[in-house]
Student: 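Starting off with a structure, shown below.
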Amino acid sequence: MSHEHVSYLELLARGAATEAYDRPVLLARASGAGPEALAGLEEAKQLALRVRAELEGRRRREAELSALFATAHDLAGLRDLDAVLRAIVQRARSLLGTEVAYLSLNDPAAGDTYMRVTEGSVSARFQQLRLGMGEGLGGLVAQTARPYVTDDYFDDARFQHTRTIDTAVRDEGLVAILGVPLSLGSQVIGVLFAADRRARVFEREQVALLGSFAAHAAVAIDTANLLAETRSALAELERANDIIREHSAVIERASEVHDRLSELVLHGGGVHDVAEAVSEVLGGTVEFTESGAGSARRAGGHAVREGDDWVAAVSAGGETLGALVLHGQPDLDPVDQRTLERAALVTSLLLLARRSAGEAEQRVRGELLDDLLDAPDRDRRLLRERAARLRTDSEAPHVVLAARIDGAADGAADSDAGRRESADRQRLWSAASHLAATRHGLASARDGGTVLLLPLGPGESAADLARQTARSLGGALREPVTVGASAPVRTPLDRPDQVAVAYAEARRCLDALVLLHRSGQGAAAEDLGFLGLLLADGRDIDGFVGRTIGQVVAYDRSRGTDLVRTLDAYFASGMSPARTKDELHVHVNTVAQRLERVGRLLGPDWQSPARALEIQLALRLHALSDAVTGK
């Protein structure tokens, strides 16, 4: 074998580029080889190139088969339909070498088609696109149930162009598009696409490969639907089985609840302990409410059904103290009705036994908090002694919370409304006082609502505590309670003057939540984005910028990239990648890659209106900070 022939084998062995196969011929010609030798080398070169093409084709087919095998493996262990469809689109994009791949599904109820999965897309308008049946290239694929490909989308008149679709495609910068149908039997349920931002020709093998992925996607969707139907059938069987077990165990539950309630009374249990014990025994959710006894008050101690709930009045000596309400068991067995009535009787005894002690402790807690708010110059040693007797944690950071029942007003239009408002405030104060006692804090009625001073738990933020408090009070009262929180106050008994300042901040947060139509929620300034900068006593601009775009800034500093400037240009260009690349004087692919990185850093919802507004403000504040510091 000649040295030149060995050279071609070496080129094949190391997978050299096509251009490298001309070198042996050129070297032979330069060394004066004769025509016969040159002809032999040329023949050997052509043979080597055919072998190379065959090897490349085999490697490509091996990669395709491997991807299809992995997709089939995903289907075999299908747990999350979105994850399987995302993997299919990602593999299609990778193997076809396109810049974008996406999958749309038909929505028969709405009569249109919507984007289900996209990979490589950077345009928010494109990702949220919905189009009518039969529109665009996808409509042509759905109508004919055949693949269609266009080398230049905007110059192709075979399908129906619409302003909505063309605007979205132009915003994404797409030029060449291939679409194949997702079919279940004879029905087309969607389309799988591969697209480039430049003109290109899709080969027949690539069309067939995308069709294979589309078939897998259709199977995944069909499998998920079958699994959902199977789970529904299993759930129905389980419910029937539960009914059988419930009827066979009803007497046993009655005996169990009698023992549990007796033990609770003997060991000093509370109202919520009774509700929890009855919840476990009856299999529903029992809660105690101070109002809502309704028809149960007139039922002479019997439990009555109100809608899907069962209500048993809690009363003593002609006074209605509240009611036990059972949710989740509309068809209650008569024996279980007696169980709920017995629990209501035990609850009334516990309430009467603890009313006096509870009222006294609540008054003392309220008085201490009132002194911190109104008389911060009191002797701090005496304040600490009073707090110690109430078992409050005086060393932990505390948060001041302002709470108000949703819809409560400062004035009343008539005497009945005034009485209802007064009753609501009393119920809120009672629930807040109970919460303060359990959390070793303080509570007091003030300004038409309630103020609480609660310690922060380990790893807990003021925002966490506000949300927990809103849920707790709302659950206890069975109506929305809005809660605004201050920033943490360190050792408030050593700095009582800061408690009033913190209460003012909590009130501002509370009013902001109502104005933002977020009544019934809990929040601190940090939850309110840029609005929190205006409400908090300390203007934590750096904290706001860090929470909003800190990951992008850090990425630029560590990698020397230009993501912050790209974001700024993107918003200035109306969130259009095509106009952004003109502003930055870069290729649209560069813009797409940068925005794709931004999406991974900030999360998939970074282009939603609320997030986009905060990001733009953070960009301005960051630029202002850099200008001031000279960075």
Side-chain angles (χ1 to χ4, degrees), residues 86 88-104 113-131 135-141 147-159 161-180 191-203 205-207 209-210 213-214 561-563 565-601 604 606-607:
R86 195 175 303 113
I88 289 173
V89 173
Q90 289 171 347
R91 289 167 187 153
R93 177 192 180 195
S94 174
L95 286 176
L96 269 67
T98 58
E99 294 162 320
V100 182
Y102 50 101
L103 183 150
S104 68
T113 300
Y114 64 97
M115 289 293 185
R116 177 62 184 270
V117 181
T118 64
E119 179 69 18
S121 168
V122 295
S123 167
R125 181 184 286 113
F126 186 80
Q127 294 165 13
Q128 298 164 7
L129 183 64
R130 295 188 76 99
L131 50 145
E135 296 177 353
L137 184 144
L140 187 60
V141 173
Y148 271 84
V149 61
T150 177
D151 299 337
D152 192 333
Y153 174 84
F154 293 100
D155 289 339
D156 199 327
R158 291 177 299 167
F159 45 83
H161 287 266
T162 68
R163 178 180 298 178
T164 300
I165 301 175
D166 286 359
T167 299
V169 172
R170 185 175 290 109
D171 206 34
E172 189 64 55
L174 301 182
V175 176
I177 305 175
L178 164 63
V180 297
V191 180
L192 179 61
F193 299 88
D196 259 337
R197 298 186 177 93
R198 55 183 172 80
R200 68 170 285 176
V201 175
F202 289 96
E203 301 174 358
E205 293 81 1
Q206 293 176 318
V207 175
L209 177 62
L210 194 64
F213 279 117
T561 52
D562 214 4
L563 298 184
R565 191 164 73 93
T566 301
L567 262 181
D568 210 4
Y570 179 60
F571 286 118
S573 302
M575 300 175 74
S576 169
R579 291 195 293 273
T580 303
K581 61 100 174 173
D582 296 333
E583 176 71 19
L584 298 176
H585 305 292
V586 298
H587 195 274
V588 68
N589 285 349
T590 302
V591 174
Q593 291 165 3
R594 291 179 182 178
L595 294 179
E596 192 173 354
R597 170 60 63 181
V598 168
R600 286 197 291 269
L601 292 172
W606 71 276
Q607 297 187 80

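All heavy atoms count here, side chains included; hydrogens, waters and symmetry mates do not.
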Student: Working to the nearest 0.5 angstrom, can you tell me the gap between E583 CD and S576 OG?
Tutor: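 Output value for this atom pair is 11.5 Å.
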Student: Rounded at 0.5 Å granularity, tell me how far CG in L129 sits from OG in S104.
Tutor: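 So the gap between those two atoms works out to 9.0 Å.
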Student: Restricting to non-hydrogen atoms, name the atom on Y114 and the atom on R130 that form the minimum distance, rounded to 0.1 Å.
Tutor: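 Scanning both residues completely, I find the closest heavy atoms to be CB-NH1, 3.6 Å.
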Student: Answer yes or no: is there a side-chain heavy-atom contact under 4.5 Å between I165 and E135?
Tutor: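 Yes - at least one pair of side-chain heavy atoms lies under 4.5 Å apart.
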Student: Given 3.5 Å as the limit, does a donor-acceptor pair link the side chain of E119 with the main chain of V89, or not?
Tutor: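 Checked: no pair found.
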Student: Please find the pair of heavy atoms, one from P577 and one from V588, that lie closest to each other, and give the distance.
Tutor: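 What the structure gives for the nearest pair is O-CG2, 4.2 Å.
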Student: Parallel under 30°, tilted from 30 to 60°, perpendicular over 60°: which one fits the rings of F193 and Y102?
Tutor: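 Judged by the thresholds at 30° and 60°, the geometry between F193 and Y102 is parallel.
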Student: Sequence neighbours left out, what passes ring-ring contact (aromatic ring centres under 6.0 Å, His included) with F202? Give chain and number order.
Tutor: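 None.
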Student: Might you work through the side-chain contact (heavy atoms from CB on, under 4.5 Å) test for L96 and L209, ending with a clear yes or no?
Tutor: CA-CA 8 Å; L96 269 67; L209 177 62; 3.5 Å; yes
Student: Nearest 0.5 Å please: distance from the NZ atom of K581 over to the CZ atom of R594.
Tutor: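 Between atom NZ of K581 and atom CZ of R594 there are 14.0 Å.
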Student: Using every non-hydrogen atom in the two residues, find where V175 and A199 come nearest and quote the distance to one decimal.
Tutor: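 Scanning both residues completely, I find the closest heavy atoms to be CG1-N, 3.8 Å.
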Student: Partners of E596 by salt bridge (Lys or Arg N to Asp or Glu O under 4.0 Å), sequence neighbours excluded?
Tutor: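 Counting only residues at least two positions away or on another chain, E596 forms a salt bridge (Lys or Arg N to Asp or Glu O under 4.0 Å) with R93, R600.
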Student: Give a yes or no answer on whether the side chain of T118 reaches the backbone of S121 with a donor-acceptor pair at less than 3.5 Å.
Tutor: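 It does not hold such a pair.
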Student: So do the side chains of F571 and T580 get within less than 4.5 Å of each other, counting heavy atoms only?
Tutor: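 When only atoms from C-beta onward are counted, T580 and F571 do not touch, as no gap falls below 4.5 Å.
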Student: Nearest 0.5 Å, what's the CG-CG distance between D156 and L137?
Tutor: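 It is 7.0 Å, given to the nearest 0.5 Å.
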Student: How close do A214 and L192 get, heavy atom to heavy atom, and via which atoms?
Tutor: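 Closest heavy-atom pair between A214 and L192: N-CD2, 3.6 Å.
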Student: Flag the pair R158 / T150 as yes when at least one side-chain heavy-atom distance between them is below 4.5 Å, and no otherwise.
Tutor: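 The answer is yes; the side chains approach within 4.5 Å.
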Student: Tell me whether R91 forms a cation-pi arrangement with F213, defined as NZ or CZ under 6.0 Å from the six-membered ring centre and within 45 degrees of its axis.
Tutor: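 No, a cation-pi geometry is absent between R91 and F213.
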Student: Indicate yes or no: does D166 engage R163 in a salt bridge with an N to O separation below 4.0 Å.
Tutor: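 Salt bridge: no.
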Student: State the CG-CG distance between D562 and L567, to the nearest 0.5 angstrom.
Tutor: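 Result: 10.5 Å between the selected atoms.
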Student: Are the side chains of E99 and R197 in touch, meaning some heavy atoms are under 4.5 Å apart?
Tutor: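 With C-beta onward as the side chain, the pair touches.
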Student: Between the side chain of E172 and the main-chain N/O of V122, is any donor-acceptor distance below 3.5 Å?
Tutor: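 A pair under 3.5 Å: yes.
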Student: Salt bridge (Lys or Arg N to Asp or Glu O under 4.0 Å) with R579: which residues, sequence neighbours excluded?
Tutor: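 So R579 forms no salt bridge (Lys or Arg N to Asp or Glu O under 4.0 Å) with any residue.
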Student: Contact between V180 and V191 at the side-chain level, heavy atoms closer than 4.5 Å - yes or no?
Tutor: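 No, every pair of side-chain atoms sits at 4.5 Å or beyond.
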Student: Looking only at non-hydrogen atoms, find the nearest pair between G179 and V141 and report the distance.
Tutor: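 Looking at all heavy atoms of both residues, the shortest contact is O-CG2, 3.6 Å.
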Student: Is the shortest heavy-atom distance from the side chain of V149 to the side chain of I177 under 4.5 Å?
Tutor: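 Result no, sub-4.5 Å side-chain heavy-atom pair not found.
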Student: Measure the spacing between CG of L131 and OG1 of T162 and express it to the nearest 0.5 Å.
Tutor: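 Here the interatomic distance stands at 7.0 Å.
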Student: Ignoring hydrogens and angles, tell me if any N or O in the side chain of S573 forms a donor-acceptor pair with the backbone of M575 under 3.5 Å.
Tutor: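 No: the side chain of S573 does not pair with the backbone of M575.
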Student: Answer yes when R200 and D196 have at least one side-chain N-carboxylate O distance shorter than 4.0 Å, and no when they do not.
Tutor: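 Looking at D196 together with R200, the answer is yes, because their closest N to O distance falls below 4.0 Å.
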Student: Using the side-chain contact (heavy atoms from CB on, under 4.5 Å) rule, take R565 and Y570 through it: C-alpha gap first, then chi angles, then the decisive distance, then the call.
Tutor: CA-CA 8 Å; R565 191 164 73 93; Y570 179 60; over 6 Å; no
Student: For a 4.5 angstrom cut-off between non-hydrogen side-chain atoms, does D151 reach V201?
Tutor: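 Side chain of D151 against side chain of V201, heavy atoms only: contact under 4.5 Å found.
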Student: Whether the side chain of Q206 engages the backbone of E203 through a donor-acceptor N/O pair (distance < 3.5 Å, no angle test) should be reported.
Tutor: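 Here the side-chain-to-backbone pair exists.
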Student: Please check this pair: side chain of T590 against backbone of V586, looking for a donor-acceptor N/O pair closer than 3.5 Å.
Tutor: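 A pair under 3.5 Å: no.
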Student: Between P147 and V207, what is the shortest heavy-atom contact and its length?
Tutor: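 The pair with the smallest heavy-atom distance is CB-CG1, 3.8 Å.
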Student: Report yes if some heavy atom in the side chain of R170 is under 4.5 Å from a heavy atom in the side chain of F126; otherwise report no.
Tutor: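 R170 vs F126: side chains apart.
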